Amino acid sequence: MKKSSIIILGIILLSFGAAVYFYPLMPERMASHWGFNGEVNGYISKFWGLFLMPLISCAMFLLFWAIPKLDPLKANIEKFRKYFDGFIISVVVFLFYIYLLTIFWNLGARFNIGQLMAPAIGALFYCSGFLMAKAKRNYFIGIRTPWTLSNDVVWDKTHKVGGKLFKTAGSLAVLGVFFPDQAFFLVMIPILAATIFSVVYSYVAYRQEIKN
């Protein structure tokens, strides 16, 4: 078994162990969702509050495991497989972090959820940018527009730019730790801007390529 798979399965098992351990300590209805103002606006039964996230992590792991096997361009995925595997670890760690925040809140701890989520989201998008910069053309991972999927040069140009933009967006999101009242905007606006610009850039790069 690959080292990345062992790490991921270890985190998933740890989350299931936490669910079993904390089950007697949780209220019957657990806080599960927070609004922009940091106030709880959603609840869930304690069974699903504790076991849903581990189950989602399992589903994500199976999905990521299947992608390289299903993609017609699987040979291209193998070219950046180690970066893809690292990204899977970052996603599972991200989900586990959210899971721990939820548990601690329901145990009585109080904190600014947006402030604590900002660095985690920032780190995840920074990892996304790193993966993009290494990704080769495929049908599941990266900036998949009609223009990037039709041309390797356009793919590479778009992902080089998109990778830098997502790293920048991730870095800006981390500032939410220091500016909790603006954390939502520091996360969402740079990420949306990076996404939109990358899509538009892929079209522009395609038009330039077909003229050459």
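If you're wondering where the values come from, they're calculated on a predicted model, not measured in any experiment.
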Exercise. When you look at CZ of F64, are more than 12 heavy atoms from neighbouring residues, nucleotides or ligands closer to it than 6.0 Å?
Worked result: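 Counting neighbours around CZ of F64, more than 12 heavy atoms of other residues, nucleotides or ligands fall under 6.0 Å, so yes.
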Which atom pairs, one a donor and one an acceptor, fall under 3.5 Å between side chains of residues 11-27 and the rest of the protein, sequence neighbours left out?
residue	atom	partner	partner atom	Å
S15	OG	I12	O	2.5

Are the side chains of [Y] and [X] in contact, using a 4.5 Å heavy-atom criterion?
X    : Y    : result
I7   : V92  : no
I191 : M188 : no
L95  : M60  : yes

Name all pairs fulfilling the side-chain hydrogen bond (donor to acceptor under 3.5 Å, both in side chains) condition that reach into [range], sequence neighbours left out, sorted by first residue then second.
range            : value
residues 112-139 : R137-D152
residues 52-74   : none
residues 158-167 : none

Reported [atom1]-to-[atom2] distance for the pair [X] and [Y], which is rounded to 0.5 angstrom:
X    : Y    : atom1 : atom2 : value
M30  : F47  : CE    : CZ    : 12.0 Å
I88  : K2   : CD1   : NZ    : 7.5 Å
I141 : I67  : CD1   : CD1   : 5.5 Å
L116 : I121 : CG    : CD1   : 11.0 Å
L149 : Y206 : CG    : OH    : 11.5 Å
S32  : I98  : OG    : CD1   : 12.5 Å

Exercise. Going by side-chain heavy atoms closer than 4.5 Å, which hydrophobic residues are tied to L172, directly or by a chain of links?
Worked result: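 Besides L172, the hydrophobic cluster comprises L175, V177, F178, F179, L186, listed by chain and residue number.
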Problem set entry | Remaining members of hydrophobic cluster (4.5 Å side-chain criterion), L165 |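 L165 shares its hydrophobic cluster with V161, F197, Y201.
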Just jot down the ring pair (Phe, Tyr, Trp, His ring centres under 6.0 Å) partners of [X], sequence neighbours excluded, or say none.
X    : answer
W34  : W105
Y203 : W147
F80  : none

Exercise. For T145, what residues pass the side-chain hydrogen bond (donor to acceptor under 3.5 Å, both in side chains) criterion, not counting sequence neighbours?
Worked result: T148, S202
Exercise. Can you name the residues that form a side-chain hydrogen bond (donor to acceptor under 3.5 Å, both in side chains) with R81, not counting sequence neighbours?
Worked result: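 Counting only residues at least two positions away or on another chain, R81 forms a side-chain hydrogen bond (donor to acceptor under 3.5 Å, both in side chains) with E78, D85.
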Problem set entry | Partners meeting side chain to side chain contact (heavy atoms under 4.5 Å, CB included) with A109 (sequence neighbours left out) | F104, F111
Problem set entry | Trace of the side chain to side chain contact (heavy atoms under 4.5 Å, CB included) decision for V204 with R207 | CA-CA 5 Å; V204 173; R207 296 298 300 178; 5.8 Å; no
Problem set entry | Candidate pair N151 and W155, rule side chain to side chain contact (heavy atoms under 4.5 Å, CB included), full reasoning | CA-CA 6 Å; N151 188 288; W155 176 282; over 6 Å; no
Problem set entry | Full working for side chain to side chain contact (heavy atoms under 4.5 Å, CB included) between V91 and F61 | CA-CA 9 Å; V91 171; F61 174 63; over 6 Å; no
For [X] and [Y], which heavy atoms make the closest approach, and how far apart are they?
X    : Y    : value
A31  : T102 : O-CG2, 3.5 Å
S90  : L124 : OG-CD1, 3.8 Å
F166 : S198 : CE1-OG, 4.2 Å
A118 : G176 : CB-CA, 3.8 Å

If hydrophobic clusters are built from ILVMFWY residues whose side chains come within less than 4.5 Å, do [X] and [Y] share one?
X    : Y    : value
V93  : V174 : no
L107 : M117 : yes
M53  : V40  : yes
I196 : V199 : no
M132 : V153 : no

